[in-house]
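What's counted below: heavy atoms across the whole structure, side chains too, no hydrogens, waters or symmetry copies.
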Amino acid sequence: MKISVIGSGTMGNGIAHTFAQFGYQVNLIDVNEMALEKALTTIAKNLDRQVSKGTITDTDKAIILKHISTTTDLKTGVAEADLIVEAATEALELKLEIFKELDSYARPDAILASNTSSISITKIASVTNRGDKVIGMHFMNPVPVMKLVEVIRGYATSDAVTDIVMSLSKKLDKVPVEVNDYPGFVANRILMPMINEAIYALYENVAGVQEIDTVMKLGMTHPMGPLQLADFIGLDVCLAILKVLHDSFGNPKYAPCPLLVNMVTAGKKGVKTREGFYDYSAGIKGPVVAAKFL
Ligand code: CAA
């Protein structure tokens, strides 16, 4: 089975890494050549972690990297694929444009999957002539580590395509969970209101950054507190998902906290800009609370 992955950012390179690790031939596609080079460097670095942990060998690493080819040409990049996983920027118009092109360039029997975290699969499928073969395949970050794949059935997604994607996810040593196509699906419908509430607690001075995160880490055994997790996901991504929930349901409980809106407007988007609720100028391990919140 040949896989094409569109978008070589954090999610795209993690998805390519994972498919390649389990023996699939992957074509990683991005409009930007430099982004592709950066993605290969990131994948090599993440494979090195696995080598140093002894979960793979140096020979495995070389074989995995050989399974990944890259291109900036969408048309040729998807021509032979059985499955295409789109992991481009989380913007509706961009995804619709990509899926229109995929529908004309991909083989008629190819499955078109999106790694979208909140955009409607039914809407994405509506710009193609193969709604039965369009599906959500929502991986979690960091993809090589996280076990879940949220498999989202659009209104027209067929049983056969859902079965293929469920069993393929198991072959990647993941646990797929089938959900229906409603705003935020399951993961972000539950996660984002929790993160938003944590930001409201900070905004209303219920407690500080470290205190809120410690309560959730030690009190609920979450690996990261909600504010650190928001930084890790990207505050712009959290805001975009909350806007989808708020616009789709029209329920004020999903209204993004004004503090989150201000931080994104000010360009403080978390780890990717080296500052969010925490300051990452000394690296992402052991983050310190950003000066603004001290
Ligand atoms: N590639 C490969 N391996 C990686 C990796 C990567 N990118 N990142 C971490 N690892 C591995 C490490 O090598 C390590 O392996 P071992 O268990 O074999 O030792 C393991 O993962 C743990 O990593 P670290 O020791 O470096 O750090 P940690 O113990 O602090 O764990 C973490 C890091 C896995 C990210 C952990 O903090 C965690 O689980 N955080 C929560 C992540 C989460 O909730 N993700 C979902 C976000 S929501 C989303 O993605 C969807 C959306 O739509 C918004």
Per-pair distances, 0.1 Å, donor-acceptor, side chain in residues 49-56, under 3.5 Å, sequence neighbours excluded:
from	atom 1	to	atom 2	distance (Å)
Arg49	NE	Asn46	OD1	3.1
Gln50	OE1	His17	NE2	2.8
Gln50	NE2	Gln21	OE1	3.2
Ser52	OG	Asp48	O	3.3
Ser52	OG	Arg49	O	2.9
Thr55	OG1	Gln50	O	3.0

Please list, chain by chain and in numerical order, all residues satisfying side-chain contact (heavy atoms from CB on, under 4.5 Å) with Ala79, sequence neighbours excluded.
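side-chain contact (heavy atoms from CB on, under 4.5 Å) list for Ala79, sorted by chain: empty.
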Return each pair, listed once, that meets salt bridge (Lys or Arg N to Asp or Glu O under 4.0 Å) where at least one residue sits in [range]; pairs must be two or more places apart or across chains.
range	answer
residues 241-266	none
residues 143-155	Lys147-Asp173, Arg153-Asp159, Arg153-Glu178
residues 260-270	Lys268-Glu275
residues 67-86	Lys2-Glu80, Asp82-Arg107, Glu86-Lys95

Among pairs that include at least one residue of [range], which meet ring-ring contact (aromatic ring centres under 6.0 Å, His included), considering only residues two or more places apart or in two chains?
range	answer
residues 23-69	Phe19-Tyr24
residues 123-166	none
residues 215-250	Phe249-Tyr254

For residues 280-294, which side-chain N or O atoms pair as donor and acceptor with protein atoms under 3.5 Å away, sequence neighbours left out?
from	atom 1	to	atom 2	distance (Å)
Tyr280	OH	Asp231	OD2	2.6
Ser281	OG	Asp279	OD1	2.4

Side-chain donor/acceptor pairs under 3.5 Å, residues 188-210, sequence neighbours excluded:
from	atom 1	to	atom 2	distance (Å)
Asn188	ND2	Ser117	O	3.0
Asn196	OD1	Cys257	N	2.9
Asn196	ND2	Ala255	O	2.9

Would you be so kind as to tabulate the donor-acceptor pairs closer than 3.5 Å made by side chains of residues 6-13, with sequence neighbours excluded?
from	atom 1	to	atom 2	distance (Å)
Ser8	OG	Asp30	OD2	2.8
Ser8	OG	Ala35	O	3.4
Asn13	ND2	Gly9	O	3.0

